[in-house]
Structures are given as structure tokens and as C-alpha cells.
Amino acid sequence: MRRPPRTPPWRRARRTARPCDAWTRSRRPSSRSFESPCSVRIFSGIQPTGRKHLGNYIGAIVQYVASQYRGEGIFCIVDLHAITVPYSPAELRERCYDTAALLIAAGLEPARCTLFRQSDVPEHTELTWLLSTVTELGRLQRMHQFRDKSLAQRELVSAALLCYPVLQAADVLAYRAHEVPVGEDQREHLELMRDVARRFNARFGDGEEVLVVPEHRIPDVGARIMDLQDPTTKMSTTAASEQGTVFVLDGPQAIERKLKSAVTDSGTEVRRAPEKPGIGNLIEILAAVRDAPPEQIESEYADAGYGAFKAAVAGAVIEYLAPVRERYDELRGDESQLEQILQGGAAQASAIAAETLADVRERMGVGAPRRARTLP
RNA sequence: GGGGGACUGGUGUAUCGGUAACACGGUGGUCUCCAAAACCGCAGCGCGAGGUUCGACUCCUCGGUCCCCCGCCA
């Protein structure tokens with residue numbers, strides 16, 4: 001359990017002159033029930049790549065689904081981030097639908113959370129520009145992800161790639177989110193966005209916390225799922241071999257083949273040990289999909305050979321993912337319905353982000369003054 | 001600002017004005033709980049737009065991206 005901060009972030013932000021319900025006003029039909037309009041707000045950005053794998057699913061997507069019951073979840077399909085590297089326009093559209101369908105299939109409920117496409121809410125890009133005025137160029141150039149990606153890039157290294165972290169900061173800050181559940185690899189970007197928020201507040205806030213400085217929440221439960229062909233590296237979309245990656249939408253026969261050909265270690269015992277990363281990974285996978293402690297898996301399969309154990313893991317994973325794939329197929333077939341859901345989410349998101357942007361513009365002295373704008 | 005070079009599967013390369021080849025990688029199989037090794041299959045490529053030509057990956061023009069050299073400014 002995390003100890004709550006002395007002044008909860010949402011209270012601090014509230015001091016900026018906005019009654020709490022103003023945030024949520026007009027975005028929640030009264031039929032929807034929430035514990036409190038001031039519950040913790042959680043923002044997650046999801047890359048519109050259709051091929052989510054088991055590691056993504058267990059490590060992130062399951063957390064998203066859980067967070068809509070813990071607070072106010074805002075889930076954004078970040079197509080504007082996706083275009084910072086070479087891409088195909090037609091495919092991008094498709095991948096957004098793929099991703100939306102997958103998230104809903106996994107359990108995100110459009111009635112319970114806000115799910116939308118980044119480019120549908122122009123406040124993201126406007127805030128990016130405004131925030132770029134309080135972002136150090138040198139810091140962006142030193143970002144590890146930028147350096148890695150620009151080195152790997154054979155084609156144009158775009159300015160957008162450099163500005164990526166500013167857009168990411170805008171994503172979160174536009175909603176005054178309190179928590180950003182991202183992995184360790186995003187720590188650097190998150191620190192940047194915290195600094196940007198602090199600098200903005202210091203320069204334009206006039207003593208008030210106009211932008212909420214979000215907390216980095218590293219998901220606590222998420223097991224690290226490793227590559228089946230190389231259990232010393234994380235399962236990833238860009239792995240050398242697809243054999244090591246179980247995709248959420250893989251069919252039963254593919255899942256079975258991949259799990260059966262997972263590399264194992266010498267020996268025959270099904271137990272976790274530093275010298276047995278392969279079997280350890282399979283134990284973690286089975287534990288995660290069964291929602292059982294790994295110890296229980298170990299004792300249950302203590303006498304089984306590797307072969308039988310693998311078959312059991314394969315069966316469990318197939319069963320685990322089957323309903324997701326079925327719901328996905330159903331949802332993905334109806335693009336107009338998906339579009340409708342995304343539009344609804346965008347309207348909800350816009351209502352929040354527009355408020356933040358009005359404050360930011362006002363503080364920065366950009367655009368018409370608020371008093372003039374609100375005159376009849 | 002000026003000059004030069006490059007661009008071919010995922011990667012690295014080859015070839016040719018006449019149906020584009022090789023290696024590695026990927027993928028399916030045999031073997032193994034697996035993996036690796038080996039063997040047998042399979043898939044995948046001419047940066048883009050024009051032009052010359054009966055025919056262009058090849059020649060020409062323009063554009064794109066990358067690399068190199070020189071100048072200028074400080």
C-alpha cells in the first residue's frame with residue numbers, strides 16, 4: 001500500500017480555483033456511478049500497434065482493466081506518437097481500431113473509463129507547443145530513447161521524434177492525472193514531464209499548482225514475462241524471432257507450438273532457480289494466467305516432466321486468451337461501432353482537457369483573456 | 001552556399017538494357033521436453049515520380065533519405 005501524500009495531488013490541484021466537479025461535469029451521464037468525482041485519475045497511453053503480446057497483456061493491459069475499478073481511468077491510443085517514425089497512413093487507421101478492439105475485448109468498459117484516440121483531442125498538440133516553451137532542448141537530445149531510436153533510424157530523424165517526450169507530457173498533464181502506470185523504461189520521460197509541470201507552475205503558476213505533477217506508478221503485480229526463445233530478455237514485439245513471443249491474438253495451435261518449443265534449461269525439475277530462467281518464466285506465465293502463486297505451480301508440477309508441464313502451460317494460456325480473441329473478432333468486425341466509442345471517449349476527454357488548456361492559456365497570456373471569452 | 005558518392009528481401013552483398021542471385025535472418029517440418037547442430041521445404045527485394053526504349057533494377061531528369069569533402073559565418 002502506498003502511503004498517501006500529505007496533500008493529495010487532486011486537492012492541491014483543486015486549489016487552482018476549480019471546484020472538483022467542474023472536472024467531470026458534462027462528461028458523465030448521471031446514470032454512471034463513481035465512488036467519488038474526485039477519485040484518483042490514472043492516465044495511460046497505448047501505442048496503436050495491433051500486435052500486443054502476452055507480456056503486454058499481463059504486464060499492462062490487465063492493469064488498465066483493474067484501474068478502472070480503482071479510480072478514473074483515461075486511456076489514450078497515441079497515434080500522434082506513432083507517427084514520429086516512418087509509418088503507413090492507411091495502416092495507422094487500422095491499427096487504432098485494432099488496439100481499441102483489443103482493449104475493449106480485454107475488459108475496458110467504455111462506460112466506466114475514457115477511451116479515445118489522441119489525435120481526436122487537439123488539446124494534446126496545443127499543449128505540446130505551449131509546454132515546449134518550458135522544456136530544455138538539451139534534455140530532449142539526451143533522452144535515451146531518442147538517442148537509441150535516432151541511431152537505429154535509417155530514414156528521416158524527425159523533429160517530432162525529439163519532441164516525443166513533450167507530447168507525452170502534454171498527454172498526461174492535460175488531464176491533471178495523478179498516476180501514470182508505466183514501466184521502468186519510461187522513468188526518464190516521466191521525470192521530464194514532472195519537471196516540465198513543476199517549471200510551468202513555477203513560472204506561470206503564481207504560487208498555485210496549475211498542472212498536477214503526476215506520480216510514477218510502476219505496476220506492482222505485473223510479472224515480467226520473458227521471451228520464450230531467450231528467457232534472459234523481455235518478451236517484445238521487436239524480438240529477433242516471433243517464436244519467442246505469444247501474441248494475444250495468436251490462435252490455439254500457434255500458442256501451443258510456441259510454448260512447446262520454448263527453450264528450457266538442463267534438468268527436469270519444475271522449479272524457479274537462477275540457473276533455470278526458461279522454466280522459471282513458464283512458471284511465472286502459468287501463475288499469472290491462473291492468478292495463483294508461483295509456489296503453488298511448483299508443488300503442483302513437481303513430479304511432472306518438462307514436456308507435460310509445457311503442455312499444461314500451453315493449455316492454460318490458450319484458455320486464458322481465447323475469450324479475448326473471440327470478443328476481439330466480434331468487435332473488430334464493426335468499425336463504425338468502434339469509431340462511435342472512440343468519438344464518445346474523445347468528447348469526454350476533450351471536456352477535461354479543454355478546461356486545463358483554458359487555464360494554461362490564461363496563465364501564459366495566450367489568446368483572449370478569460371473574462372472576455374466568457375462574456376455573453 | 002558549393003561539390004561528390006550511395007540507395008536491390010529484415011540485414012549484408014552480387015548481377016544484368018531482356019522474367020534479379022547469394023549469405024545470414026525469418027518461417028514450416030524431421031530430431032529433442034525444448035533449444036542448439038544437421039537436413040528437407042517455403043516466403044520475402046529494385047527509394048518515389050516522370051522520361052528514353054519493343055523492353056529500365058540498369059540510361060536520363062526531378063524529388064526523397066543517408067554519407068563524405070570544401071566554402072562561409074562565428
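We name chains A, B, ... by the order of the sequence lines, and we start the count at 1 in each one.
Following rounding to the nearest Å, A/Arg257 (CZ) and B/rC34 (P) show an atom-to-atom distance of 14 Å. In this entry the distance linking OH of A/Tyr301 with P of B/rC33 reads 19 Å, nearest Å. Here B/rC33 presents its C1' atom at 14 Å from CD of A/Gln229, a figure rounded to the nearest Å. Distance, A/Tyr306 OH to B/rU32 C1': 14 Å, rounded to whole Å. Between the CD atom of A/Glu242 and the C1' atom of B/rU27 there is a distance of 9 Å, given to the nearest Å. Rounded to an integer number of Å, the gap from CG of A/Leu228 to P of B/rU27 is 12 Å. Taking atom CD1 on A/Ile283 and atom P on B/rC34, their separation rounds to 18 Å, with Å as the unit. Atom CG of A/Leu156 and atom C1' of B/rC67 are 15 Å apart (whole Å).
Within residues 271-279 of chain A, no residue is approached by RNA chain B to less than 4.0 Å at the level of any non-hydrogen atom.
For A/Ser241, a side-chain nitrogen or oxygen approaches OP1 or OP2 of B/rU27 to under 4.0 Å.
Nucleotides B/rG44 and B/rC31 have their P atoms positioned 28 Å apart, rounded to a whole Å. On the C1' atoms, B/rU32 is 23 Å away from B/rC42, given to the nearest whole Å. Taking the P atoms as reference points, B/rC67 lies 29 Å from B/rC16, given to the whole Å. Nucleotides B/rG46 and B/rA56, compared at atom P, are 16 Å apart to the nearest Å. When the P atom is compared between B/rU61 and B/rC66, the two are found 22 Å apart, to the nearest whole Å. Across B/rU58 and B/rU15, the matching C1' atoms stand 10 Å from one another, rounded to whole Å. With both ends at atom C1', the span from B/rA35 to B/rG48 equals 44 Å, rounded to whole Å. For the P atoms, the distance from B/rA21 to B/rC45 is 12 Å, rounded to whole Å.
In RNA chain B, runs of at least 3 stacked Watson-Crick or G-U pairs (N1-N3 plus N6-O4 or O6-N4, or N1-O2 plus O6-N3, all under 3.5 Å) give these stems: B:1-7 with B:64-70, B:10-13 with B:21-24, B:26-30 with B:38-42, B:47-51 with B:59-63.
Of the charged side-chain nitrogens involved, at least one lies within less than 4.0 Å of a carboxylate oxygen, so that A/Arg332 and A/Asp98 count as a salt-bridged pair. Taking 4.0 Å as the cut-off between side-chain N and carboxylate O, A/Glu355 and A/Arg176 do not count as a salt-bridged pair. In this structure, A/Arg139 pairs ionically with A/Asp195, as a charged nitrogen and a carboxylate oxygen lie closer than 4.0 Å. Under the 4.0 Å criterion applied to side-chain N and carboxylate O atoms, A/Arg290 and A/Glu300 are assigned as salt-bridge partners.
Proximity of a side-chain donor or acceptor of A/Arg41 to a complementary backbone N or O of A/Gly73 within less than 3.5 Å is not detected.
Pairing each heavy atom of A/Val65 with each of A/Ala106, the nearest pair is CG2-O, 3.5 Å.
A/Ser261 contributes no side-chain N or O that forms a donor-acceptor pair with the base of B/rC34 under 3.5 Å.
Other members of the cluster containing A/Phe247 do not exist, because no ILVMFWY side chain is joined to it at under 4.5 Å.
Nearest-nucleotide mapping onto RNA chain B: of A/Ser266 and A/Gln243, the residue sitting toward the 5' end is A/Gln243. Annotation: of the two residues near RNA chain B, A/Asp265 and A/Val157, the 5′-most nearest-nucleotide partner is A/Asp265.
Side-chain atoms of A/Asn201 and A/Glu208 form no donor-acceptor pair, as typed in the model, at a separation below 3.5 Å.
Between A/Tyr175 and A/His124, the ring centre distance stays below 6.0 Å. Taking the six-membered ring for Trp and the full ring otherwise, the centers of A/Phe75 and A/Phe43 sit at least 6.0 Å from each other.
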